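Model, not experiment: these values are computed from the prediction.
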Amino acid sequence: MSLVLLTLLACGQPAADSAACDSQVDGWANFGEGFIRQECQVCHASTAVDRHGAPPDVHFDTEAEVRRHAARILARAAAEPPTMPPTGATRPEDRARLRRWLACDGSFTP
């Protein structure tokens, strides 16, 4: 498990190496929103018809909602191997981008 993920799980808040964040180019608009929409909103959108057991109060419709649940998203969807989505079909490079994006403060935009 990476140091970033361990720090995140211990504190409950995203943490990242400042050098990694200095080179961060992924943001909500060019990565996060598309990843969340494609990989998570099938079950975690407020409008999802069949949530497949996802908690009814956990929605990922906005960046604020995603960031509110960042620790859990990192623990489940960015883990190696991931436990979310249940199919585990995300690409390793996308999980790495997800880890970097959520661990940085979100102020980096392309």
Side-chain angles (χ1 to χ4, degrees):
M1 200 175 308
S2 76
L3 180 59
V4 169
L5 185 55
L6 287 173
T7 302
L8 172 72
L9 294 174
C11 300
Q13 295 295 321
D17 178 296
S18 62
C21 288
D22 288 345
S23 64
Q24 177 75 11
V25 294
D26 289 323
W28 174 250
N30 73 330
F31 172 72
E33 184 175 24
F35 180 91
I36 296 296
R37 182 178 299 124
Q38 180 175 334
E39 303 297 340
C40 309
Q41 285 187 346
V42 170
C43 302
H44 290 284
S46 61
T47 57
V49 176
D50 183 354
R51 296 179 62 85
H52 302 281
D57 59 338
V58 178
H59 304 127
F60 300 155
D61 296 334
T62 66
E63 182 176 12
E65 289 172 319
V66 169
R67 290 210 173 270
R68 204 169 20 256
H69 297 285
R72 196 72 184 132
I73 293 169
L74 283 168
R76 302 288 307 270
E80 296 296 341
T83 57
M84 284 291 157
T87 62
T90 55
R91 298 179 319 164
E93 57 269 25
D94 286 338
R95 289 192 303 276
R97 288 177 75 185
L98 179 66
R99 284 189 294 273
R100 282 191 309 272
W101 174 63
L102 286 175
C104 292
D105 70 4
S107 64
F108 298 94
T109 56

Let me confirm one number: the [atom1]-[atom2] distance from [X] to [Y], rounded to the nearest 0.5 Å.
X	Y	atom1	atom2	answer
Leu98	Asp26	CG	CG	9.5 Å
His59	Cys40	NE2	SG	13.5 Å
Asn30	Arg97	CG	CZ	6.5 Å

Can you name the nearest heavy-atom pair linking [X] to [Y], along with the distance?
X	Y	value
Cys43	His52	SG-CD2, 3.5 Å
Arg95	Ala78	O-CB, 4.1 Å
Val58	His44	O-ND1, 3.3 Å
Ala77	Thr90	O-OG1, 4.5 Å

**Request:** Using the test side chain to side chain contact (heavy atoms under 4.5 Å, CB included), find all partners of Arg37 that sit at least two apart in sequence or belong to another chain.
**Result:**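 Per chain and number, Arg37 pairs via side chain to side chain contact (heavy atoms under 4.5 Å, CB included) with Glu33, Gln41.
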**Prompt:** Do Phe35 and Ile73 belong together in a cluster built from hydrophobic side chains that touch within less than 4.5 Å?
**Reply:**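 Same hydrophobic cluster.
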**Message:** I'd like to know if Leu102 and Ile36 are part of one continuous hydrophobic network [Ile/Leu/Val/Met/Phe/Trp/Tyr, side-chain heavy atoms within less than 4.5 Å].
**Reply:**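 Ile36 and Leu102: one cluster.
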**Request:** Look at atom CD of Gln38 and say whether more than 12 heavy atoms of other residues, nucleotides or ligands are closer to it than 6.0 Å.
**Result:**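 Atom CD in Gln38 is not packed in, count stays at 12 or less.
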**Request:** Go through the structure and list residues passing side-chain hydrogen bond (donor to acceptor under 3.5 Å, both in side chains) with Thr83, not counting sequence neighbours.
**Result:**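 In terms of side-chain hydrogen bond (donor to acceptor under 3.5 Å, both in side chains), with neighbours along the sequence ignored, Thr83 is linked to Arg76.
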**Request:** Go through Trp101 and Val66 one step at a time and tell me if the side-chain contact (heavy atoms from CB on, under 4.5 Å) criterion holds.
**Result:** CA-CA 11 Å; Trp101 174 63; Val66 169; 4.0 Å; yes
**Request:** Indicate yes or no: does Glu80 engage Arg99 in a salt bridge with an N to O separation below 4.0 Å.
**Result:**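 Counted as a salt bridge, because a side-chain N and a carboxylate O are separated by less than 4.0 Å.
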**Request:** Using the side-chain contact (heavy atoms from CB on, under 4.5 Å) rule, take Thr62 and Trp28 through it: C-alpha gap first, then chi angles, then the decisive distance, then the call.
**Result:** CA-CA 9 Å; Thr62 66; Trp28 174 250; 5.5 Å; no
